[in-house]
2 protein chains.
Amino acid sequence: MQNSEAMGLSAALLAVAAELTQRIHDGVVARGFEGLRPAHGFAFARLSAGGATVTELAAHLGVTKQAASQLVDEIVRKGYAERRPHPGDARARLIVLTEQGRACTRAAEEAAAEAVRPWAELLGEPGIRSLQRQLGQIAPAGPVKPAW
Amino acid sequence: MQNSEAMGLSAALLAVAAELTQRIHDGVVARGFEGLRPAHGFAFARLSAGGATVTELAAHLGVTKQAASQLVDEIVRKGYAERRPHPGDARARLIVLTEQGRACTRAAEEAAAEAVRPWAELLGEPGIRSLQRQLGQIAPAGPVKPAW
DNA sequence: GGCAGATGGTCAAGTGGGTTGACTACTTAC
DNA sequence: GTAAGTAGTCAACCCACTTGACCATCTGCC
C-alpha cells in the first residue's frame, strides 16, 4: 500500500469518526441531555460497566486523575452520577451512574444507532457487518484517549 | 441493527481513530518534526492543495478565523508555511507550505502508512481495500472538525 | 465615480478544560 | 508499627479556543 493511499484511508477514517462523534453528541442533546461533551460519553461508557474509581476513569480516558475528578464533579453536579464509598477501600470512592445517567447512556446508544443507519443504506447490512468485524479486529484495547 | 451493536461499532471506530491519530502524531515526531499538534495536520492537508486563506482554513477546520489565524501564526513561526499576498484580493493572504512544510506532510504520509501496516497484516490486502472503499463511501464531505 | 454593506484579517480580553505540584487520608509491605 | 505507596482533592498555572471590536479592502448599486 502506497503512502498516499494510507493517507486517504486515514483521512476517511478520521472524517467518519469526527462526524460520528458530532452526530452522537447532537442526538444526545436532541433527546434533552444538555451540558455534556463527547468526553463525558467515554466516561459514561466506562461507568455503565459497574462503576469505577476516579483513578480508573483517568486511566481509561488517558488524562490525569485531577482532570477525571473534575469531570466527575461535573456529572455529579448535573445529576448523572454519584460518589459512593468504595467497598473494601476507604480511600477510594466508587462513581456510579444514577438513573438519569443510565437514561443518558441509552440516549447515546439510540443516537449512535441513528447515526449509523445511513451507513447501512449505503453499504447494505452485510457491508456494515464486515465493517464492524474489521474495525473490531484492529481496535486497540488501551485507553480511549479522545485527544487530537 | 440494534442500538447496542451500533454502540459497539461506534466505539471500535472511535478507538481506531484515536489510536491512528496518536500513531501518526508519534511518527511525525519520530521523524524530527516537533511542536506540532494533530490539528496542524488537518491544516497541512488543506494547504498542500495549492494553499488557502485563513478564512478557508477556518471553515475547513471548523473553528473561528481567529483560531485559524493563530494556528497559521504558529506554523509560520516554526517555518512550515508562509503568508503571501493573495493574487486578486488585497485583503486576503494566501497561506502556502514551505519546503519544510511539504517535508512534514510527507513524513505524516509515511507515518500513516506505518500506522496502517499492522492492519494489513490482520485483515489482508483485500480487507484493507474493502475497508478503504467502505469508509470512502460513508465519509462526509464537510469540514474536518477535530473536536470531541 | 462613489457610497453602503459585506468580507478578510488581526488585536484584545475572557473562558474552560487540561496540566503540574503539594497535600491529606488510607492501605499495604516489611 | 512504621515506612512506602496509592486514592483523591485543592490550588495555581497554561494554552487553545471563543467572543467582541476594529481596520482594510472588495462588491453591488445609484
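Scope of the values below: all heavy atoms of this structure, side chains included, with no hydrogens, waters or symmetry mates. Note that this is a predicted model, so its numbers are computed, not measured. Chain identifiers are assigned alphabetically (A, B, ...) following the order of the sequence lines, protein sequences preceding nucleic acid strands; residue numbering begins at 1 within each chain.
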Quiz prompt | Distance test, side-chain N/O of B/Ser69 to OP1/OP2 of C/dT10, below 4.0 Å | solution = yes
Quiz item: Is any side-chain N or O of A/Thr55 closer than 4.0 Å to OP1 or OP2 of D/dT6?
Solution: no
Separation of [N] [atom2] from [X] [atom1] (nearest whole Å):
{"X": "B/Leu71", "N": "D/dA16", "atom1": "CG", "atom2": "C1'", "value": "10 Å"}
{"X": "B/Asp73", "N": "D/dA16", "atom1": "CG", "atom2": "C1'", "value": "13 Å"}
{"X": "A/Arg77", "N": "C/dG17", "atom1": "CZ", "atom2": "C1'", "value": "13 Å"}
{"X": "B/Leu36", "N": "D/dC15", "atom1": "CG", "atom2": "C1'", "value": "16 Å"}
{"X": "B/Leu57", "N": "C/dT10", "atom1": "CG", "atom2": "P", "value": "11 Å"}
{"X": "B/Ile95", "N": "C/dG8", "atom1": "CD1", "atom2": "C1'", "value": "11 Å"}
{"X": "B/Glu74", "N": "D/dC14", "atom1": "CD", "atom2": "P", "value": "16 Å"}
{"X": "A/Asp89", "N": "D/dG8", "atom1": "CG", "atom2": "P", "value": "8 Å"}

Measure from the side chain of [X], starting at C-beta and using heavy atoms only, and say which of [options] lies closest.
{"X": "B/Arg37", "options": "D/dA16, C/dG17, D/dT9", "value": "D/dA16"}
{"X": "A/Arg83", "options": "D/dC26, D/dG8, C/dG9", "value": "D/dG8"}
{"X": "A/Gln70", "options": "D/dT9, C/dG8, C/dG18", "value": "C/dG18"}

Note: [X]-[Y] ion pair, threshold 4.0 Å (strictly below):
{"X": "B/Glu109", "Y": "B/Arg106", "result": "no"}
{"X": "A/Glu121", "Y": "A/Arg117", "result": "no"}
{"X": "B/Arg93", "Y": "B/Glu82", "result": "no"}
{"X": "B/Glu110", "Y": "B/Arg31", "result": "yes"}
{"X": "B/Arg77", "Y": "B/Glu74", "result": "no"}

Quiz prompt | From NE2 (B/His25) to CD (B/Gln22), nearest 0.5 Å | solution = 7.5 Å
Quiz prompt | Contact pattern, 5' to 3', of nucleotides 19-24 of chain D - B, S or - by protein heavy atom under 4.0 Å | solution = BB---B
Practice problem: Could you check A/Leu20 against A/Ile24 for side chain to side chain contact (heavy atoms under 4.5 Å, CB included), going step by step and ending with a plain yes or no? | Solution: CA-CA 6 Å; A/Leu20 175 61; A/Ile24 292 178; 3.9 Å; yes
